[in-house]
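Here's the structure, in structure tokens; my notes come after.
Quick caveat: nothing in here was measured; it's all calculated off a predicted structure. Each chain gets a letter, A, B and so on, in the order the sequences are listed, and its residues count up from 1.
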Amino acid sequence: MFKKILIANRGEIALRVIYACRELGIATVAVYSEADEHALHVRFADQEICIGPPRPMDSYLNVPAIITAAELSGADAIHPGYGFLSESGYLAEAAEACGIAFIGPPPAVLRLMGDKSEARRAMKSAGLPVLPGTEDPPESVDEALEAAQGLDYPLILKASAGGGGRGMRIVREQGELEHAWRTAGQEAQAAFGDGRLYLERYVEAPRHIEYQVLADGHGSVVHLGERECSIQRRHQKLIEECPSPVLTERQRLELGELVTGAAAAVGYRNAGTFEFLMDGDDRFYFLEANARLQVEHPVTEMVTGVDVVKEQIRVAAGQPLSVTQQGITWNGHAIECRINAESPVTFRPSPGLVRVFSIPGGPGIRIDTAAHADCTVPPYYDSLVAKVIAHGVDRAEAVARMRRALSMTVIEGIETSVPLHLRILDEPDFRDGKLSTAFMDRFAGG
Amino acid sequence: MFKKILIANRGEIALRVIYACRELGIATVAVYSEADEHALHVRFADQEICIGPPRPMDSYLNVPAIITAAELSGADAIHPGYGFLSESGYLAEAAEACGIAFIGPPPAVLRLMGDKSEARRAMKSAGLPVLPGTEDPPESVDEALEAAQGLDYPLILKASAGGGGRGMRIVREQGELEHAWRTAGQEAQAAFGDGRLYLERYVEAPRHIEYQVLADGHGSVVHLGERECSIQRRHQKLIEECPSPVLTERQRLELGELVTGAAAAVGYRNAGTFEFLMDGDDRFYFLEANARLQVEHPVTEMVTGVDVVKEQIRVAAGQPLSVTQQGITWNGHAIECRINAESPVTFRPSPGLVRVFSIPGGPGIRIDTAAHADCTVPPYYDSLVAKVIAHGVDRAEAVARMRRALSMTVIEGIETSVPLHLRILDEPDFRDGKLSTAFMDRFAGG
Amino acid sequence: MTDFDDIERLLDLMDARGLEELEVEREGLRVRFRKPGRSAAPLAAPPAPAPPAAEAAQRGDEADAGEAGLAIIKSPIVGTFYRSPEPGADPFVEVGSTVGKGQVVCIIEAMKLMNEIDADQDGEVVTIFVEDGQPVQYGESLFAVRPA
Amino acid sequence: MTDFDDIERLLDLMDARGLEELEVEREGLRVRFRKPGRSAAPLAAPPAPAPPAAEAAQRGDEADAGEAGLAIIKSPIVGTFYRSPEPGADPFVEVGSTVGKGQVVCIIEAMKLMNEIDADQDGEVVTIFVEDGQPVQYGESLFAVRPA
């Protein structure tokens with residue numbers, strides 16, 4: 001097992017990794033930017049190294065600085081968390097070259113999954129259902145127009161290198177394609193340095209269903225069931241749950257088997273998430289795979305009892321998974337609300353000094369946060385300040401617990417999305433489990 | 001179902017009841033003393049009534065004030081929490097007389113269980129094993145000496161009206177009995193206004209095992225398995241866990257069946273705990289029954305998924321239990337540490353202004369507390385400031401999680417028992433599950 | 001108080017500079033100001049969990065009364081406030097009544113028991129804070145009395 | 001109150017120096033100010049998570065240097081500090097050396113790359129904070145230079 005892990009991240013996920021390391025008896029190294037000098041992940045790591053100024057490019061995205069910090073501190077592994085460099089083939093390879101383990105999939109898998117168009121093709125060959133679309137990214141608008149002939153409108157243009165909604169355009173009819181092609185391509189080029197696009201059938205108001213997968217280096221690949229993350233605003237998930245309110249046990253196991261098969265086919269290792277759309281006719285279509293830990297992993301942990309981060313570390317250290325597919329059971333229901341430092345009305349970020357910070361605990365409540373009274377939410381990074389996760393024997397109890405926890409949450413000094421979450425929880429459609437990625441359209445600014 | 005519940009308590013347990021009420025959609029009334037004006041239970045109840053000055057006798061133990069507050073606010077039930085009036089037959093009867101439901105056992109059961117000597121006799125008749133001892137409290141020291149002849153030394157004198165170690169004396173040989181009889185009787189008279197004592201065989205270094213029971217008014221009595229609470233200091237529990245590290249599944253179910261049978265025999269209703277000693281030969285002896293919610297109920301909740309407080313409310317409202325014995329399963333292991341505002345060395349209470357208060361969450365951690373940064377721990381009440389409960393797939397994971405949570409806990413302004421808990425968790429005997437009520441003797445001041 | 005202007009200026013200064021506490025001591029004058037800081041505050045700015053309007057108003061009155069040097073008779077128990085010994089009877093006291101120490105000024109009913117509340121000094125009733133038949137908490141102000 | 005100007009000056013001082021509390025007592029006048037504290041503090045008094053002794057010492061030096069009006073050359077990257085271009089060679093600079101703007105004063109190695117660090121102004125090296133071969137963090141002080 002590793003002796004010392006460097007955590008190349010900040011905020012609640014850096015703390016989450018510290019929790020796992022402490023439980024496993026592994027020392028930790030925090031890296032931090034000047035903006036995070038007083039952050040909890042710095043305080044609670046066994047060792048800490050300032051790697052740069054606040055701007056992410058200069059610190060948390062600075063591969064040479066992180067590799068150097070790992071070497072100087074004698075860390076034998078790097079956990080990248082989510083976001084930042086978590087899917088960076090460059091970091092994974094650089095670490096490997098220095099004899100430091102990267103706690104994530106092998107570089108080849110990272111690169112495959114990072115190219116959305118390639119990943120789509122690979123998963124299709126591996127037997128996952130995909131939406132009708134282009135196999136190879138069209139090289140010109142004319143090729144795109146031609147490819148669109150064979151598909152049905154509405155279509156959606158997506159960036160091959162993409163994610164997070166950038167370089168994405170819905171195309172409802174042929175006349176819109178040329179303009180969409182140009183603007184999406186420019187956006188993708190600006191965001192990812194790669195303007196390639198691909199076309200796919202567009203599904204109206206689908207559900208977002210994703211599978212948590214774990215794979216070790218001993219041939220074992222398991223899934224921990226699905227999460228439903230249909231409550232999104234501009235492709236940013238707001239509320240996630242496990243299990244989905246609509247999947248049957250049979251659907252869960254059938255799709256799960258396809259997913260683990262596909263993961264095995266591409267040599268997947270460590271933790272990963274396979275995302276699907278579910279249309280109104282209960283058909284699933286592979287969207288993309290996230291080759292890393294997800295923000296919303298706690299809902300799966302609460303329902304299965306499996307500690308995803310500890311499994312990541314075990315697998316990266318060459319150990320087998322501590323669970324088998326047969327040993328995994330799903331108990332009750334869990335929901336996560338992402339509490340962001342932002343206006344619940346305008347969605348504008350609201351960084352600053354947190355004067356009061358209190359989220360009640362009690363039965364079924366898990367809180368993952370790096371915030372506390374008198375901390376500062378710096379303006380340079382993600383606005384996530386806390387994840388509140390509620391578990392209950394069924395969805396109704398989980399929702400009731402989330403409601404009471406959020407209604408008794410007191411955060412002052414910054415604005416947060418708590419009031420928005422309470423509005424969502426009170427929507428009859430939400431209560432009834434009538435979810436879709438179009439759910440948030442009903443809210444102003446959504 | 002009730003429309004409005006008055007909570008005749010304070011601190012974390014008052015909040016715990018508010019959690020349950022909010023989840024069930026029931027309005028709440030907080031009563032409070034002048035010392036608790038800014039307390040969270042006052043803030044988060046729907047209505048609040050000041051019932052007296054800080055001294056418990058004048059406020060939280062003031063039955064007329066509480067009944068009046070219930071009448072004035074139109075509450076249709078009273079939840080007494082634990083401690084204070086939770087086992088008061090007087091409060092239960094007064095409430096009943098006013099047409100207000102008491103969320104606890106019927107007055108007759110409260111009175112039976114309140115008389116430790118009577119309870120012992122009743123449980124013996126109902127088939128529970130008890131230690132050899134006197135059936136009726138001896139009326140004089142001569143009667144006691146005579147009764148002791150038929151028992152083996154060492155013996156223990158206990159107060160009939162007792163609890164919490166007051167009026168209790170170990171008697172190792174006949175020569176000690178007369179002095180012990182006099183001092184214990186005086187102590188019991190002073191503490192409970194009732195100097196009656198009874199004699200029982202004394203077991204050296206036993207384990208403390210207790211069963212959580214739930215009973216409704218429809219003939220259903222279930223047990224939620226045992227808790228082990230052997231880590232005690234002067235009869236005050238410090239650490240509790242579920243399940244016991246040593247009980248076998250067969251022992252659990254066999255003793256559980258005896259317990260539910262005995263509870264049914266005395267017409268038990270609502271939640272209650274049946275306490276046993278377990279000696280070195282795996283024999284169990286009934287000690288006493290606590291006819292109320294216990295501080296340590298969360299470990300049972302984390303392992304069974306049953307919300308004990310919501311069941312209490314359902315049962316008191318005349319509904320059947322939401323669980324059956326067959327439906328109850330035990331998942332993993334949970335441990336609770338009671339964080340007290342006290343010196344970890346001298347055990348002296350340490351009330352005052354809490355400047356910093358941060359307990360990390362993350363996987364498997366539940367926190368029940370009414371404390372927060374900038375709150376005050378008043379000197380008038382119990383020193384419990386927080387309960388930290390850790391759950392894991394097994395005892396080792398639960399202990400590892402508790403360790404990391406406590407080692408990252410920051411409470412400033414008051415002293416707490418956190419350092420003591422960390423020392424206990426690091427004891428090899430604790431790690432190995434070698435527990436007994438003599439465990440704490442190894443610590444200075446224990 | 002000839003330093004009144006100075007004190008007002010100090011208070012302005014205190015606001016302007018965001019001070020929490022200000023203490024000035026000088027021959028013949030000692031001044032100490034303290035603003036409600038965070039140290040004694042509850043979780044947040046006291047959230048005012050919907051106090052009955054009457055209670056809020058009464059608190060204002062009470063503050064006024066305090067400044068005018070009046071004595072306040074507070075409720076020693078939780079219960080229902082009655083101004084007269086029985087329905088339809090005359091009230092024990094009215095605004096303007098002169099009361100003597102030990103004289104009954106009202107009744108608080110709790111658990112069907114009628115508890116007589118006495119004036120604790122001689123004086124004149126200047127305010128009655130609670131309406132007849134209203135519930136009162138422990139420590140709630142009932143009457144303001146101008147000491148004789 | 002003739003001391004009013006003095007008090008305002010004290011408050012200016014308090015702002016300028018970031019004081020939380022101020023108390024002055026002298027013949028005939030005693031003044032005490034306190035600002036609401038806590039706001040800038042982390043979870044607790046910064047816990048000093050075991051900084052290397054060298055670093056702690058250096059911070060002290062740095063403060064001294066700052067007061068003496070010296071310029072500090074800080075590390076622009078994480079890496080290993082080398083005082084000479086290769087093992088066995090003479091150091092780039094010593095205490096007392098005169099350096100010119102743009103002159104190499106040390107090397108920071110990161111990922112096998114040798115990064116030359118330049119002086120950013122002319123002056124004299126008065127302190128070298130880090131030992132040869134030691135790791136340095138981003139922003140760590142390397143040299144104090146007395147500007148020419």
- request: Could you check A:H372 against B:V410 for side-chain contact (heavy atoms from CB on, under 4.5 Å), going step by step and ending with a plain yes or no?
  value: CA-CA 11 Å; A:H372 53 83; B:V410 187; over 6 Å; no
field: Residue pair B:E397, A:D307: steps toward the side-chain contact (heavy atoms from CB on, under 4.5 Å) verdict
entry: CA-CA 10 Å; B:E397 188 175 56; A:D307 187 316; 4.2 Å; yes
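In this structure, chain A has no heavy atom under 4.5 Å from any part of B:T329. For chain B, the nearby part of A:I18 is the side chain; its heavy atoms alone come within less than 4.5 Å.
Between A:R16 and B:P363 the shortest side-chain heavy-atom distance falls below 4.5 Å. B:M408 places a side-chain heavy atom less than 4.5 Å from the side chain of A:L15.
Between chain B and the residues A:K387, A:K310, A:E23, A:M302, the largest count of heavy-atom pairs under 4.5 Å involves A:E23.
B:Y19 and A:G362 get closest at one heavy-atom pair: CE1-CA, 3.6 Å.
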